[in-house]
Chemist: 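Got a structure for you, questions after.
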Amino acid sequence: LMARFLVHVLVEVVAHLAVGVGHAARAGSGNRVEVPDDVIELEQELAIALDGVDIAMCVLDQDDRTLIWNRAFLRMFPEHADWIHVGEHYRDNLRRFYQVRLTGDELDSIDRYIEEGVARNRAQQRPFNFEHRGEYLQASSLPLPGVGRVRVWRQGPTPRLSDVKLSPLA
């Protein structure tokens, strides 16, 4: 409930700040991302607030490049700790994520999984649950008008039996 409230506040305030500011854009051909200072300051304050309730956050611009993340994000996804940076494309983030999850033949399909993940991020409308590094997480993603998207995660409860696919009986 707290996570939903904080994400709602984030979306509303950023939408308000973005009016008349224009779109987030990369400067030149490099990875430098330019976003109005008041939006970045707000995102930083919210990242700290979300850390306080152990909710991970990562904001992406309209070109799927990383703008900001919080410490809870790095705790839940330690594979990003030394690599994530402002301007990094979400594909690079997903490549690290899948490299720690996939094994054997699944690794042969990593590029497909990455492209599907980018497409899901752009279209996601509802929260979902998944398991990562032995923990169950709940994830949500919402558009931030004039900026891009915010993704948030929190540790979730163990799935109910009705949420788990059962193996066919032998």
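These figures come from a predicted structure and were not determined experimentally.
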Chemist: CG of Leu94 to CD of Gln99: how many Å apart, nearest 0.5 Å?
Modeler: 11.0 Å
Chemist: Could you tell me whether the side chain of Arg122 and the main chain of Gly117 form a donor-acceptor pair under 3.5 Å?
Modeler: no
Chemist: Can you tell if the side chain of Leu67 reaches within under 4.5 Å of the side chain of Leu60, non-hydrogen atoms only?
Modeler: no
Chemist: Taking all heavy atoms of Ala56 and all of Asn70, pick out the closest pair and write down the distance.
Modeler: CA-OD1, 3.5 Å
Chemist: Phe77: which residues meet the ring pair (Phe, Tyr, Trp, His ring centres under 6.0 Å) condition with it, sequence neighbours left out?
Modeler: Phe73, His132, Trp153
Chemist: Between the main-chain N or O of His80 and the side-chain N or O of Asn93, is there a donor-acceptor pair closer than 3.5 Å?
Modeler: no
Chemist: Evaluate the side-chain proximity of Ile84 to Leu74: yes if any heavy-atom separation is below 4.5 Å, no if none is.
Modeler: yes
Chemist: What residues form a side chain to side chain donor-acceptor pair (under 3.5 Å) with Tyr113, not counting sequence neighbours?
Modeler: none
Chemist: Suppose we screen for side chain to side chain donor-acceptor pair (under 3.5 Å). Which residues come up paired with Gln124, at least two apart in sequence or across chains?
Modeler: Arg151
Chemist: Just jot down the side chain to side chain donor-acceptor pair (under 3.5 Å) partners of His89, sequence neighbours excluded, or say none.
Modeler: Arg91
Chemist: Could you name each residue pair satisfying salt bridge (charged side-chain N to carboxylate O under 4.0 Å, His left out) that touches residues 102-113, not counting sequence neighbours?
Modeler: Arg95-Asp111, Arg112-Glu116
Chemist: Determine yes or no for a side-chain-to-main-chain donor-acceptor pair under 3.5 angstrom, with Asp63 supplying the side chain and Arg65 the backbone.
Modeler: no
Chemist: Grab the two heavy atoms, one from Met76 and one from Asp54, that are nearest each other, plus how far apart they are.
Modeler: CE-O, 3.4 Å
Chemist: Kindly work out whether a path of hydrophobic side-chain contacts (I/L/V/M/F/W/Y, heavy atoms less than 4.5 Å apart) joins Trp83 to Val100.
Modeler: no
Chemist: Should Trp69 and Val86 be marked as a side-chain contact (heavy atoms from CB on, under 4.5 Å) after you check the CA-CA gap, both sets of side-chain angles, and the distance that decides it?
Modeler: CA-CA 9 Å; Trp69 60 95; Val86 172; 4.1 Å; yes
Chemist: Taking CZ in Arg133 as the centre, count heavy atoms belonging to other residues, nucleotides or ligands within less than 6.0 Å. Is the count above 12?
Modeler: yes
Chemist: For Arg120 and Glu115: C-alpha separation, side-chain torsions, deciding distance, then whether salt bridge (Lys or Arg N to Asp or Glu O under 4.0 Å) applies.
Modeler: CA-CA 9 Å; Arg120 264 191 317 276; Glu115 291 309 311; over 6 Å; no
Chemist: Can you list everything that forms a side chain to side chain contact (heavy atoms under 4.5 Å, CB included) with Ile68? Sequence neighbours excluded, please.
Modeler: Glu43, Gln44, Met57, Val59
Chemist: Is the closest basic N to carboxylate O distance between Arg101 and Glu79 below 4.0 Å?
Modeler: no
Chemist: Roughly how far apart are Ile55 CD1 and Arg154 CZ, rounded to 0.5 Å?
Modeler: 7.0 Å
Chemist: Counting only N and O atoms by type, is there a donor-acceptor contact under 3.5 Å from the side chain of Arg149 to the main-chain atoms of Asn121?
Modeler: yes
Chemist: Got Tyr98 and Ile114 here, is their nearest side-chain heavy-atom distance under 4.5 Å?
Modeler: yes
